[in-house]
There are 2 protein chains.
Amino acid sequence: MRRHYATIKDIAYALSISVSTVSRALRDTHDVNADTRKMVLEMAAKLNYKPNFNATGLVKNSTHNLAVILPAITNYYFSTVFTGIQEVAYSNGYNLILYVTNDDAAREENIVRNLSFSSLDGLLVSVSSKADASHYFQEIIDDGVPVVFFDRVVENIRTSKVMQDDYNGAYEATVHLIRNGYRKIAHITGPAGLTLTEARLQGYLDALQRHKLAVRKKWIIHSGFSQQSGEEDARQLWKLNDKPDAVFAVNDRKGIGAIISFKQLAVQVGKEIGIIGFTNDPMSSIISPSLSTIAEPAFEIGQRSCQLLLNHIRKKHFIPEEVILPGRLIVRESSRRS
Amino acid sequence: MRRHYATIKDIAYALSISVSTVSRALRDTHDVNADTRKMVLEMAAKLNYKPNFNATGLVKNSTHNLAVILPAITNYYFSTVFTGIQEVAYSNGYNLILYVTNDDAAREENIVRNLSFSSLDGLLVSVSSKADASHYFQEIIDDGVPVVFFDRVVENIRTSKVMQDDYNGAYEATVHLIRNGYRKIAHITGPAGLTLTEARLQGYLDALQRHKLAVRKKWIIHSGFSQQSGEEDARQLWKLNDKPDAVFAVNDRKGIGAIISFKQLAVQVGKEIGIIGFTNDPMSSIISPSLSTIAEPAFEIGQRSCQLLLNHIRKKHFIPEEVILPGRLIVRESSRRS
DNA sequence: AAATTCACCGAGAACGTTCTCGATTCCTTA
DNA sequence: TAAGGAATCGAGAACGTTCTCGGTGAATTT
């Protein structure tokens, strides 16, 4: 069994002083004699004292724990966001409890409903794509738990949100294809209903309209976010009588899937078909032809989300903020007709 | 400020019964009347009662929290291991607190020394490659904290460990190159001193000796684990007068780096130079020519590690176990001379 | 009918902290 | 020289649970 760690009482007993004094000496510098403080600190080190976070959490009603809920972690975007979150959490002395939903709505709900908010100071969430998540997230926000959404946010909930500029990124991606001479541009995207999906779709549509290009329903395919979905979508597009000459993929994984399918179909990527993705996953520069994309500021999204959550936690009445970070066009081989 | 959640006392007061009874009703089914139990459960739901884990943790000296310490998370291998860990943690009702060291020894030590073991039931660690980690891990193990190492383990510490079969994987990879006609086989690997590095190096060396092939010191390069290191190592190898005709990379990222460099040098990968990696990172099938590799059972390593840790936590006197899982050769274009 | 057992429940201590309220000593000031 | 103030510390309640111990009344046994 676990050995018992030394407590504040043990220190007090060893020095024949009160627990109050030890407690004070261990935290504040005021209201305690410098010598006493030194004594306490030395004895604490000697006894290998480690504060019991359950006890402090109980009385202060605040542990330094933040929960992070992600659809997946085996994925460039989310793991990079997490790294950003962790960077500011670490430098502020917060711990991160990570939950992965595997993009499963039921699991997400189960996780949220079983969270112990007594040992959690706040919550960072990117929702599962299958979830109509409004109800159980609204409940915990009503309970007063600070929540920040990022990337895949829930629209009708009033709390802080951090996103990339999906609309303008999509617009820019589409315009880039148009400028490179592509005219029949398809869009393979994620599940309908998500803010992210809708915003990118709208950016794509507006770019087409602005340039007076045709919008074909058959050229817009909703499916999953995976590489495999991208492969399937591309094959489906190529079965059409009226084939597109370019594809804007909602993310790089789908874009890569499309490249793979078109290579298998012996379609020359870049010439016969232009492709652009969204994310700037390292894979997009590894694949050949390399994939043009809109780089997302994933790391910064993590940092800003966590910073926002900490502000939220620290201030009593925090007004929700929405942060929208710009993407950046990266041109590679998959969209160059030259 | 946070609204106050209902406590066990509130339930007791609302029902005019004692807290003891409420506590019993909420947990055990024995020693409490079925009707009372039902009453309590209903009132708990009505008041939106959520157990306070700080309080239970304080009295039971066991929260259901496990800490996971990883060198990185933006990486196929570690994120997959984490997913495996999380899978068994989730189904056993444990939460995971994730710390990422960025492969920085000082940060790793800082994290470990500041862990609150009072709110942690155990620890899963893959050590930083720069760390001589023995001392501070030994300390917490002496304190009785259950620890399981995986992948990058610390050799001289007696506790449970889960690894892939690095030696045999490396042996098999090297033999595969030999069977495909490569004779001058280099090895680009990670920092010396790590068990993982040493085991793979030894497998490589033994395979060469067994087949009576030359071992050249210049063909063995120790550097980091990154793709960039792989690129640099490849360029360095190609500057030699006595150039190798194949490269066994310690992991796929370095293998991919090597492929990229050789492509830049206009060296035909597969023909002029054979390359094999280790991991089966999805990138290895994306890159062209695709990278042969030894597939690691990353997900299973996570599962087994967590299962072992739970056993360790549950049993008083648990004898440390070492689990070694086999890899699997995957042949792709980078090592086929055909 | 007395004795024994059983089912169920309550009182109160304990876990390791923090925090409020006073108490004590010593120094300063009029 | 008395009064006021500052510096320092201690007692004890509180946080929300669990757990041990014992008590009550009803059911069962002899």
Side-chain angles (χ1 to χ4, degrees), chain A residues 1-41 43-44 47-65 115-121 143, chain B residues 1-41 43-44 47-65 115-121 143:
Chain A
M1 203 43 209
R2 182 89 63 89
R3 209 193 69 184
H4 215 67
Y5 276 103
T7 72
I8 229 176
K9 284 187 193 171
D10 299 325
I11 301 177
Y13 182 81
L15 295 173
S16 306
I17 57 177
S18 78
V19 287
S20 324
T21 306
V22 176
S23 172
R24 267 185 294 246
L26 252 24
R27 280 167 298 116
D28 323 312
T29 162
H30 78 282
D31 243 29
V32 58
N33 190 290
D35 292 342
T36 328
R37 189 175 142 76
K38 200 179 156 218
M39 256 174 38
V40 170
L41 258 33
M43 183 57 77
L47 297 181
N48 189 26
Y49 167 77
K50 308 217 172 201
N52 187 310
F53 285 16
N54 288 316
T56 63
L58 188 56
V59 27
K60 308 231 290 191
N61 196 25
S62 133
T63 56
H64 268 195
N65 293 335
L115 284 178
S116 167
F117 296 109
S118 46
S119 52
L120 240 42
D121 289 1
D143 286 347
Chain B
M1 203 43 208
R2 181 92 61 90
R3 211 194 67 185
H4 215 68
Y5 275 103
T7 73
I8 228 176
K9 284 186 192 171
D10 299 324
I11 301 177
Y13 182 81
L15 296 172
S16 307
I17 58 176
S18 77
V19 288
S20 323
T21 306
V22 177
S23 171
R24 265 184 295 245
L26 252 25
R27 281 167 297 115
D28 324 311
T29 162
H30 79 281
D31 242 31
V32 57
N33 189 289
D35 294 342
T36 326
R37 189 175 143 76
K38 200 180 157 220
M39 254 172 44
V40 170
L41 258 32
M43 183 57 76
L47 297 180
N48 190 24
Y49 167 78
K50 307 218 173 201
N52 186 310
F53 285 15
N54 288 315
T56 62
L58 187 56
V59 30
K60 308 232 292 190
N61 197 25
S62 133
T63 56
H64 268 193
N65 293 335
L115 284 178
S116 168
F117 297 109
S118 47
S119 52
L120 242 42
D121 289 0
D143 286 346

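Each chain gets a letter, A, B and so on, in the order its sequence line appears, and its residues count up from 1. Below, all heavy atoms of this structure are taken into account, side chains as well, without hydrogens, waters or symmetry copies. Just so it is clear, the model here is predicted, and its values are computed rather than measured.
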ask   = Out of D:dG10, D:dT17, C:dG16, which nucleotide sits closest to the side chain of A:Ile17?
value = D:dG10

task = Counting heavy atoms from C-beta on, name the nucleotide in D:dG16, C:dT17, C:dC9 closest to the side chain of A:Ile8.
result = C:dT17

ask   = Which whole-number value in Å describes the distance from B:Met39 CE to C:dC8 P?
value = 14 Å

request  = Using atom CZ of B:Arg37 as one end and atom P of C:dC8 as the other, report the distance to the nearest whole Å.
outcome  = 12 Å

query = On a plain distance test, is the side chain of A:Ser20 in donor-acceptor contact with the base of D:dG12 below 3.5 Å?
reply = yes

query = Of all heavy-atom pairs between B:Asp143 and A:Tyr5, which one has the smallest distance, and what is that distance?
reply = OD2-OH, 2.8 Å

query = Does a nitrogen or oxygen in the side chain of A:Thr7 sit under 4.0 Å from OP1 or OP2 of C:dG16?
reply = no

remark   = Of the candidates D:dC15, D:dT8, C:dC8, the side chain of A:Thr36 sits closest to D:dT8

task = Could you check if a side-chain atom of B:Val19 sits within less than 4.5 angstrom of a side-chain atom of B:Tyr13, using non-hydrogen atoms only?
result = no

inquiry  = Does A:Arg24 reach a base, just sugar-phosphate, or nothing at all? Heavy atoms under 4.0 Å.
reply    = base

remark   = For A:Thr63 and A:Leu120 the tightest heavy-atom approach is OG1-N, 3.7 Å

request  = Name the closest nucleotide to the A:Val59 side chain, picking from C:dG12, D:dG12, D:dC15.
outcome  = D:dC15

query = Separation of B:Asp10 atom CG from D:dG16 atom P, in whole Å?
reply = 8 Å

message = Nearest 0.5 angstrom please: B:Thr56 OG1 to B:His64 NE2, how far?
response = 8.5 Å

note = A:Phe117 atom CZ is separated from D:dC15 atom P, nearest whole Å, by 22 Å

ask   = A:Asn54 CG to D:dT18 C1': how many Å, rounded?
value = 13 Å

ask   = Quick one: is A:Ser23 getting a side-chain N or O under 4.0 Å of the C:dT18 phosphate, OP1 or OP2?
value = yes

query = C:dG10 phosphate, OP1 or OP2: any side-chain N/O from B:Thr21 under 4.0 angstrom?
reply = yes

key: Atom-to-atom span, CG of A:Asn61 to P of D:dT17 - whole angstrom   = 11 Å

ask   = Has B:Asn33 got a side-chain N or O lying under 4.0 Å from the OP1 or OP2 atom of C:dC8?
value = yes

query = How far apart are the C-alpha atoms of B:Leu26 and B:Ser23, what are their side-chain angles, what is the distance that settles it, and do they pass the side chain to side chain contact (heavy atoms under 4.5 Å, CB included) test?
reply = CA-CA 5 Å; B:Leu26 252 25; B:Ser23 171; 5.9 Å; no

ask   = Want to settle it: does B:Val22 or B:Ala55 sit nearer the 5' end of DNA chain C, counting the closest nucleotide to each?
value = B:Val22

key: B:Asp31 or B:Tyr49, whichever maps to the more 5' nucleotide of DNA chain D   = B:Tyr49

ask   = Over how many whole Å does the gap from A:Asn52 atom CG to C:dA14 atom P extend?
value = 17 Å

note = Here the distance between atom C1' of C:dG16 and atom NZ of A:Lys50, to the nearest Å, is 16 Å

